[in-house]
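A quick write-up on the structure given underneath.
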Amino acid sequence: MKISELSKKTGVSIRSLRYYEQKRLLHPTRLKNGYREYDESDIEKVKTVQFFLELGLNTDEIYPVIACENFQEAKKKGCASSAVSLYSEKLETVREQIKQFKEKERYLEKLLKFWEKELEHEERRD
């Protein structure tokens with residue numbers, strides 16, 4: 001598939017896809033006319049990159065995990081160690097963010113209850 005089709009299927013801009021290639025996260029083949037040709041597997045790879053970017057990783061942090069596409073490469077590159085380290089760190093970050101959001105949620109619930117009671121008192125007075 002061409003880059004425009006990959007862009008449509010993933011919702012990622014063509015510019016971003018070119019950037020992912022530049023950062024070695026994607027490896028399209030080149031046709032004789034110079035056009036990029038992507039495989040169906042690139043759809044999932046782009047979605048994985050997007051997931052990691054949403055978690056706050058940068059492309060340099062994503063590369064070691066994305067580079068380990070198959071088992072033989074994983075054995076050669078020490079991918080398991082990189083993946084465990086990266087995922088452990090990010091999981092801890094996400095857990096901390098969840099904790100902070102839960103605290104915010106409790107505070108907002110408290111505020112909401114207070115103002116709902118105030119609203120009830122105002123409506124009774126009218």
Side-chain angles (χ1 to χ4, degrees):
M1 86 185 81
K2 295 200 173 39
I3 195 168
S4 59
E5 188 178 349
L6 181 61
S7 175
K8 287 177 188 167
K9 287 185 176 189
T10 61
V12 175
S13 71
I14 291 172
R15 182 177 178 194
S16 292
L17 294 173
R18 288 182 181 137
Y19 178 71
Y20 297 168
E21 181 183 356
Q22 179 185 342
K23 297 302 269 183
R24 301 178 310 166
L25 301 174
L26 291 175
H27 304 282
T29 56
R30 291 287 184 152
L31 302 176
K32 289 180 182 178
N33 60 7
Y35 288 9
R36 293 167 176 86
E37 181 73 20
Y38 294 91
D39 295 328
E40 287 295 317
S41 63
D42 288 319
I43 295 170
E44 199 58 40
K45 192 179 285 189
V46 170
K47 289 179 181 181
T48 300
V49 169
Q50 288 299 111
F51 172 75
F52 284 127
L53 289 171
E54 288 171 9
L55 284 178
L57 277 73
N58 63 44
T59 54
D60 292 331
E61 293 170 318
I62 296 169
Y63 174 76
V65 177
I66 293 291
C68 298
E69 294 175 338
N70 64 54
F71 185 68
Q72 295 304 319
E73 288 298 309
K75 287 170 75 175
K76 285 191 259 179
K77 295 180 184 177
C79 294
S81 176
S82 295
V84 167
S85 176
L86 176 67
Y87 294 153
S88 295
E89 182 182 318
K90 280 302 155 186
L91 182 58
E92 200 53 43
T93 301
V94 167
R95 285 179 174 155
E96 182 59 33
Q97 290 171 335
I98 289 169
K99 180 182 169 187
Q100 291 171 4
F101 274 110
K102 286 192 177 286
E103 290 171 6
K104 291 174 184 177
E105 178 186 39
R106 284 190 294 276
Y107 184 68
L108 284 169
E109 286 172 343
K110 183 179 173 181
L111 287 172
L112 182 59
K113 285 180 183 178
F114 171 81
W115 287 109
E116 285 175 340
K117 286 180 183 179
E118 286 298 310
L119 182 60
E120 284 178 24
H121 292 339
E122 286 177 10
E123 289 174 349
R124 283 189 207 139
R125 284 185 242 145
D126 292 340

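Here the structure is a predicted model, which is why all the values come from computation and not from measurement. In what follows, residues are counted from 1 in the order of the sequence shown.
Here L111 contributes atom CG and R106 contributes atom CZ; the two are 13.5 Å apart, rounded to the nearest 0.5 Å. Taking OG1 of T93 as the start and CZ of R95 as the end, the distance is 11.0 Å to the nearest 0.5 Å. Taking NZ from K113 and NZ from K110, the interatomic distance works out to 11.0 Å, rounded to the nearest 0.5 Å. Interatomic distance, R36 CZ to L17 CG, rounded to the nearest 0.5 Å: 9.0 Å. Atom-to-atom distance recorded for S4:OG and K9:NZ is 10.5 Å, nearest 0.5 angstrom. Rounding to the nearest 0.5 Å gives a distance of 13.0 Å between CD1 of I62 and CZ of R24.
Panel note: side chain D39, backbone D42; no donor-acceptor pair is recorded below 3.5 Å. When atom types are taken as modelled, the side chain of S85 and the backbone of S81 share no donor-acceptor pair closer than 3.5 angstrom. With hydrogens and angles ignored, the 3.5 Å screen pairs no side-chain donor or acceptor of E37 with any backbone N or O of R30.
Open room surrounds OH on Y107; 12 or fewer heavy atoms of other groups in view lie less than 6.0 Å from it.
Across every non-hydrogen atom of V49 and I66, the tightest pair is CG2-CD1, 4.1 Å. Across all their heavy atoms, L55 and K90 have their closest contact at O-NZ, 3.9 Å.
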Between side-chain atoms of residues 115-125 and protein atoms elsewhere (two or more places apart, or another chain), which donor-acceptor pairs fall under 3.5 Å?
from : atom 1 : to   : atom 2 : distance (Å)
E120 : OE1    : R124 : NH2    : 3.4
R125 : NE     : H121 : O      : 3.4

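Both Y20 and I14 are assigned to one and the same hydrophobic cluster, defined by single-linkage of ILVMFWY side chains at heavy-atom distances under 4.5 Å.
In this structure the side chain of K102 never reaches within 4.5 angstrom of the side chain of K99, judged on heavy atoms. Within the 4.5 Å cutoff, no side-chain heavy atoms of M1 are placed close to those of K8. At a threshold of 4.5 Å between non-hydrogen side-chain atoms, the residues Q50 and V12 count as touching.
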Legend entry - Derivation of the side-chain contact (heavy atoms from CB on, under 4.5 Å) call for K23 and Y63: CA-CA 8 Å; K23 297 302 269 183; Y63 174 76; over 6 Å; no
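Residue pairs satisfying the ring pair (Phe, Tyr, Trp, His ring centres under 6.0 Å) criterion with at least one member in residues 31-60, sequence neighbours excluded, are listed as follows: F52-Y87.
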